[in-house]
J.: 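Please find one structure pasted underneath; my questions will follow.
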Amino acid sequence: MAKNTPQAIRGTQDIFEDAEAFSFVVDTFERVRKLYRFRRIEMPVFEKTEVFSRPLGETTDVVTKEMYSFEDRGGESLTLRPEFTAGIARAYLTNGWQQHAPLKVATHGPLFRYERPQKGRFRQFHQINAEILGAGEPQADVELLAMADQLLRELGIEGVTLHLNTLGDPDSREAWRAALVEYFEAHRGDLSEDSVTRLEHNPLRILDSKDRGDMALVKDAPTIDDYLTDEARSFFGSVTSGLDAAGVTWRRSSRLVRGFDYYRHTAFEFIPDEGSAAADALGSQSTVLGGGRYDGLMETLGGAHTPSVGWAAGIERLAMLIPTRPTETPDLWFIQDDPGSESLARELLAIVRREGIWSDMAFSGSIRKQFDKVKRDLAAVRVVAVQTDVDKDIIGRIRLRDIWDEAPPVRERLKGALSKYYVIDDDSGTRVISLIRRKK
RNA sequence: GCGAUCGUAGCUCAGUUGGUUAGAGCGCCGGUUUGUGGUACCGGAGGUCGGGGGUUCGAGACCCCUCGAUCGCCCCA
């Protein structure tokens, strides 16, 4: 290990092998969000600290110990975004995007959280994100979830199910919360240490405790269903029937909650099914995509009541779940048959690339070494051997050779590309393509 | 913030109860067999064993601290 080389920051990643999977997730997301007509937006990576501390709540873990905050040279407290939603809400208000409401937006990029890294969790991580701003209708929830569902489908991810719950409107939620506190307070002695703390700060969180004893208590805890107002009940009914109509399969999960206070009504997570390969791949970081309705958020940033729904998904986690795909290799690999053919090879390389044929060539090395390298690194390519000095009457000749049997057909495409620039002759016996002369 | 395991060449790893110049495979570089059908031959470079301190006649191996990695808890995508 080079002792004078600075180390990367803990929890950051240098992605090489997995970068293609990462990019596949982003490309697929871009394609699907266009299908659903979500507008692409770009957001700053940092904001004034209050953009996050106000909506998320001053006492939440994210704000108190997980934010990358610092003072700029003007003495202002800034923070690297720990999530997308608050920044998007701020942009909605400061740019007057109300005029576009209801507004469907999508973005992706890095987020930062000062956490202990583990499987599927990093300090700089990446999410894709979708929001519908200024829409209080349950149909907005359905639209958003239908997109998420199709995205996972198109990524080829299997064994992941949509878990759905409602937190009700503020009245329902408050009544439920009070009932939960009363219930757990009565069993305080049986709660785990962590859950006693949660009872003070975030009683809803006790519901997804991993502690055995807690889980037994949770089983008999009051559920939201007993506290839903008629309005909230009907809202949730519209969401679920809309999902059924859209062909999105879902599972009711009455103990699913959200950490932040601004969430209302719909809350959801796509979670790997127990025992599935996906569950195995993700370790204890089970949620792959999560979100909900946040009707109360805009007010915390001084805006008018603006009902909205959104979700975010970890790109790294999604990338861990996508089926491995064959490495994409060049259609052609150029090898110079003699040292004098370097500039012709370069010329041909430029031409075939211009014509959309994936191709590559080594910078140096003997023919033998070049063949060896092609064999080692590539799964299915064809080699173009270039000769110039055999016949002074022609420009040069090339031979196509299959490195592997599985190599996809490229000969006709190559000839098509070359004949735009040269008069060529394809000898049916020797299979040698001669470049007779340049056109015009 | 808490806990467990781990840290030897670019990569994957060996290194016996602490004992002489720290090894292998792969990769890399050079050359040979004149030119491919995952595997030919020869040679070479590359490690202050994460870092610091300690125990010992002697430490890659033992102890402490530190940094990092991995996995889990908290929390979350």
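Order of the sequence lines sets the chain letters (A, B, ...), proteins ahead of strands, with each chain counted from 1. Keep in mind that what you see is a predicted model, and the values were worked out from it rather than measured.
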J.: When you match A:Tyr114 and A:Asn202 each to their closest nucleotide on RNA chain B, which lands nearer the 5' end?
T.: A:Tyr114
J.: Are A:Val309 and A:His265 packed together at the side-chain level, in the sense that at least one heavy-atom pair is separated by less than 4.5 angstrom?
T.: no
J.: What is the separation between atom CD on A:Glu115 and atom C1' on B:rA77, rounded to the nearest whole Å?
T.: 10 Å
J.: Using a heavy-atom cut-off of 4.0 Å across all strands, would you classify A:Glu83 as base, sugar-phosphate, or nothing?
T.: nothing
J.: Does the base of B:rC75 carry an N or O that pairs as donor and acceptor with the side chain of A:Arg113 under 3.5 Å?
T.: no
J.: Starting at atom CD1 of A:Ile271, determine the distance to atom P of B:rC76, rounded to an integer number of angstrom.
T.: 13 Å
J.: Write down the distance separating the P atoms in B:rG53 and B:rG58, rounded off to the nearest Å.
T.: 15 Å
J.: State whether A:Arg116 places a side-chain N or O below 4.0 Å from either non-bridging phosphate oxygen (OP1 or OP2) of B:rC74.
T.: no
J.: What distance, rounded to whole Å, do you find between the two P atoms, one in B:rC63 and one in B:rG18?
T.: 11 Å
J.: Whether A:Glu355 and A:Arg413 form a salt bridge (side-chain N of Lys/Arg under 4.0 Å from carboxylate O of Asp/Glu) is what I want to check.
T.: no
J.: Could you give the CG-to-P distance, from A:Asp194 to B:rC76, as a whole number of Å?
T.: 13 Å
J.: Would you mind reading off the distance between A:Glu66 atom CD and B:rC73 atom C1', rounded to a whole angstrom?
T.: 13 Å
J.: Only pairs with both distances under 3.5 Å count, Watson-Crick or wobble alike; so what is the partner of B:rG25 in this structure?
T.: B:rC11
J.: Is there side-chain contact between A:Arg397 and A:Asp427, with heavy atoms separated by less than 4.5 Å?
T.: no
J.: Could you check A:Phe125 against A:Ala8 and say which one's nearest nucleotide on RNA chain B is further toward the 5' end?
T.: A:Ala8
J.: Between B:rG60 and B:rG47, how far apart are the C1' atoms? Round to whole Å, please.
T.: 11 Å
J.: Is any side-chain N or O of A:Gln118 closer than 4.0 Å to OP1 or OP2 of B:rG72?
T.: yes
J.: Can you sort out the partners of A:Arg252 under side-chain contact (heavy atoms from CB on, under 4.5 Å), two or more places apart, ordered by chain and number?
T.: A:Asn165, A:Thr166, A:Ile224, A:Asp225, A:Phe236, A:Trp250, A:Ser254
J.: P atom, B:rC62 versus B:rC49: distance in rounded Å?
T.: 15 Å
J.: Taking the C1' atom in each of B:rU55 and B:rC64, what is the distance between them to the nearest angstrom?
T.: 11 Å
J.: Round to a whole Å and report the spacing from CE of A:Met320 to P of B:rA77.
T.: 15 Å
J.: Would you say the side chain of A:Ser308 lies within less than 4.5 Å of the side chain of A:Glu131, judging by non-hydrogen atoms?
T.: no
J.: When the C1' atoms of B:rA14 and B:rA9 are compared, how many Å lie between them, rounded to an integer?
T.: 13 Å
J.: Any idea which of B:rC75, B:rC73, B:rA69 is nearest the A:Arg121 side chain?
T.: B:rC75
J.: On a whole-Å scale, what distance lies between the C1' atoms belonging to B:rG46 and B:rG27?
T.: 12 Å
J.: B:rU16 pairs with which nucleotide, Watson-Crick or G-U wobble, both distances below 3.5 Å?
T.: none
J.: For B:rC73, give the paired nucleotide (Watson-Crick: N1-N3 plus N6-O4 or O6-N4; G-U: N1-O2 and O6-N3; both under 3.5 Å), or none.
T.: B:rG1
J.: Could you tell me the Watson-Crick or G-U partner of B:rG38, where both distances fall under 3.5 Å? Say none if there is no partner.
T.: none
J.: I want to verify a distance call: between B:rC75, B:rA77, B:rG72, whose nearest atom is closest to the A:Thr287 side chain?
T.: B:rA77
J.: Let's see if you can work this out: which of B:rC73, B:rC71, B:rA77 has an atom nearest to the side-chain heavy atoms of A:Lys210?
T.: B:rC73
J.: Mind telling me whether A:Phe270 and A:Phe268 have parallel, tilted or perpendicular rings, with 30° and 60° as the class edges?
T.: perpendicular
J.: Measuring to OP1 and OP2 of B:rC76, would you say a side-chain N or O of A:Arg205 lies under 4.0 angstrom away?
T.: yes
J.: From NE2 of A:His201 over to P of B:rC76, roughly how many Å is that when rounded to an integer?
T.: 13 Å
J.: With a 3.5 Å limit on both atom pairs, tell me what B:rG47 is paired to, counting Watson-Crick and G-U wobble, or say none.
T.: none
J.: Check the distance between B:rA69's P and A:Phe122's CZ and give it to me in whole angstrom.
T.: 11 Å
J.: Does any non-hydrogen side-chain atom of A:Leu348 lie less than 4.5 Å from one of A:Tyr422?
T.: yes
J.: With a 3.5 angstrom cut-off on both distances, give the Watson-Crick or G-U wobble partner of B:rC62, or none if there isn't one.
T.: B:rG54
J.: Quickly work out the A:Ile206 CD1 to B:rC74 P distance and round it to whole Å.
T.: 13 Å
J.: What integer number of Å spans the P atoms of B:rC67 and B:rA77?
T.: 29 Å
